[in-house]
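Working notes, beginning with the structure itself.
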Number of protein chains: 2
Amino acid sequence: MADTSDRRARRRAQTLEEILDLALDLMAEEGVAGLSLSAAARRLGIRPPSLYKYFPSRHAVYDALFERGQRAYLEAVRRGAAGREPGLAAMAASLEAGARWVMANQALAQLMFWRPVPGFEPSARAYAPALAVHDHFTALTAAAIERGELHPDAASEEGQALGSSLIAGLLSQQLSNEPDAAFEEGRFTRWVARLPGVLVALYPPR
Amino acid sequence: MADTSDRRARRRAQTLEEILDLALDLMAEEGVAGLSLSAAARRLGIRPPSLYKYFPSRHAVYDALFERGQRAYLEAVRRGAAGREPGLAAMAASLEAGARWVMANQALAQLMFWRPVPGFEPSARAYAPALAVHDHFTALTAAAIERGELHPDAASEEGQALGSSLIAGLLSQQLSNEPDAAFEEGRFTRWVARLPGVLVALYPPR
DNA sequence: GTCTATACTCCGATAGAC
DNA sequence: GTCTATCGGAGTATAGAC
């Protein structure tokens, strides 16, 4: 009995993921706000009402996608920093890993960072990984200051705002103007590796 | 005869503007991609088919809004710089004027800078003012270099990418995270005035 | 330039049989 | 967990009378 219910739960989880995959494809094709549950059901090969056995509403699909995206992004920036000494080097690697993830997951990134769906607010659960991302970069900044790579002002409100806006700006520009460019060739993403240097110029140590 | 046709042309132009105003309200309420011509017709007090006497399609409305927005934005950045010596001071004023315009015209700005409507590409005519904006800031950068306020590298590809991304990033962050904040209090817009200083730190003269 | 009527497609969501 | 049937509504766009 436990066996069968395990199998069923696994099968169900697979279907949930499959629906989210299809929803992602649709958002990429029709725009983030243009996601239709009926279209997702068609692609899955079931009738629209059946889909409501998996998600109670359209917003619930958005919320699951939001959470999945935030988790994946958190994982990406953490893996980027892994194995590097905390500080500027880790921050550089983490920024690049995050930027690559965004360019490879554009529909998800739009849902997460641009909020293009009127009326959709992510649940606290879905939003939680975003807080962890924030903590991650705060810790790397603190480490860089500790190591004497940045002036303590880099951790100020101004420093946080300018730092996060720098990466957000490069990605926003790249996504809007040249979304299909390869990362290294993008008119904006090509400068992601310069960001740690920019921070040093803005907040030179000592 | 010329009199009446003049009056009719003026009346028609008024109605066109009125439709665009209503479309703007709707985009602010329902999201940029959620604009519906039927809803605009309802608010104007006519039936949806009548609206097609003014705009041949939904895309045509987007295109007119795009052009109106680009023209207004160009006007805003030019007025910001007016009366200042070309150079960093004019650039600071121009950046702030543009940023204030964006925060005061968020739906339009999203249409212009984020491209959230799948399948919509602005016409060359509608896009033209955006090229003028680019030229405007290029000229101000050149003037600042000429006056010895910035290193010539500020005009490089890197300088242009970082400079435009800085302002785009601050605005993108503010719009996504705190769209209703007053300009001076916004967690991100409050640092717009720091941007010229950031440029100097990045590209110190000499 | 306004209307009615219409063609056509689509959506989210629910009820209830199997 | 799948289906059919359905509710109740939306939308873009065109034809043609007035």
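So that the names make sense, note that chain A is the first sequence line, chain B the second, and so on, each numbered from 1. Keep in mind it's a predicted model, so treat the numbers as computed, not measured.
- Interface residues of residues 22-29 of chain A facing DNA chain C, ordered by number: none; criterion, heavy-atom separation under 4.0 Å.
- In this structure, CD of B:E30 is placed 17 Å from P of D:dG9, rounded to the nearest angstrom.
- A salt bridge does not link A:R187 with B:E157: none of the charged nitrogens is closer than 4.0 Å to a carboxylate oxygen.
- Under a cut-off of 6.0 angstrom, the local environment of CD in A:E178 is crowded, with over 12 non-hydrogen atoms contributed by other residues, nucleotides or ligands.
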Going 5' to 3' through nucleotides 2-18 of chain C and flagging B where a protein heavy-atom sits under 4.0 Å of the base, S where only the sugar-phosphate is that close, and - otherwise, we get BBBB-----SSBBB---
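- A salt bridge links B:R68 with B:D21: the distance from a Lys NZ or Arg NE/NH1/NH2 to an Asp or Glu carboxylate oxygen falls below 4.0 Å.
- B:Q160 CD to B:S165 OG: the interatomic distance, rounded to the nearest 0.5 Å, is 10.5 Å.
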task: Could you give me the CA-CA distance, side-chain angles and deciding distance for A:E30 and A:S36, then say whether side chain to side chain donor-acceptor pair (under 3.5 Å) is met?
output: CA-CA 9 Å; A:E30 306 294 332; A:S36 132; over 6 Å; no
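- One distance of note links OH of A:Y54 with CD of A:E18; it measures 9.0 Å at 0.5 Å rounding.
- Annotation for A:R12: atom CZ counts as buried by contact number, over 12 foreign heavy atoms lying within 6.0 Å.
- Aromatic ring pairs are classed by plane angle as parallel below 30°, tilted from 30° to 60° and perpendicular above 60°; the pair A:Y73 and A:W101 is tilted.
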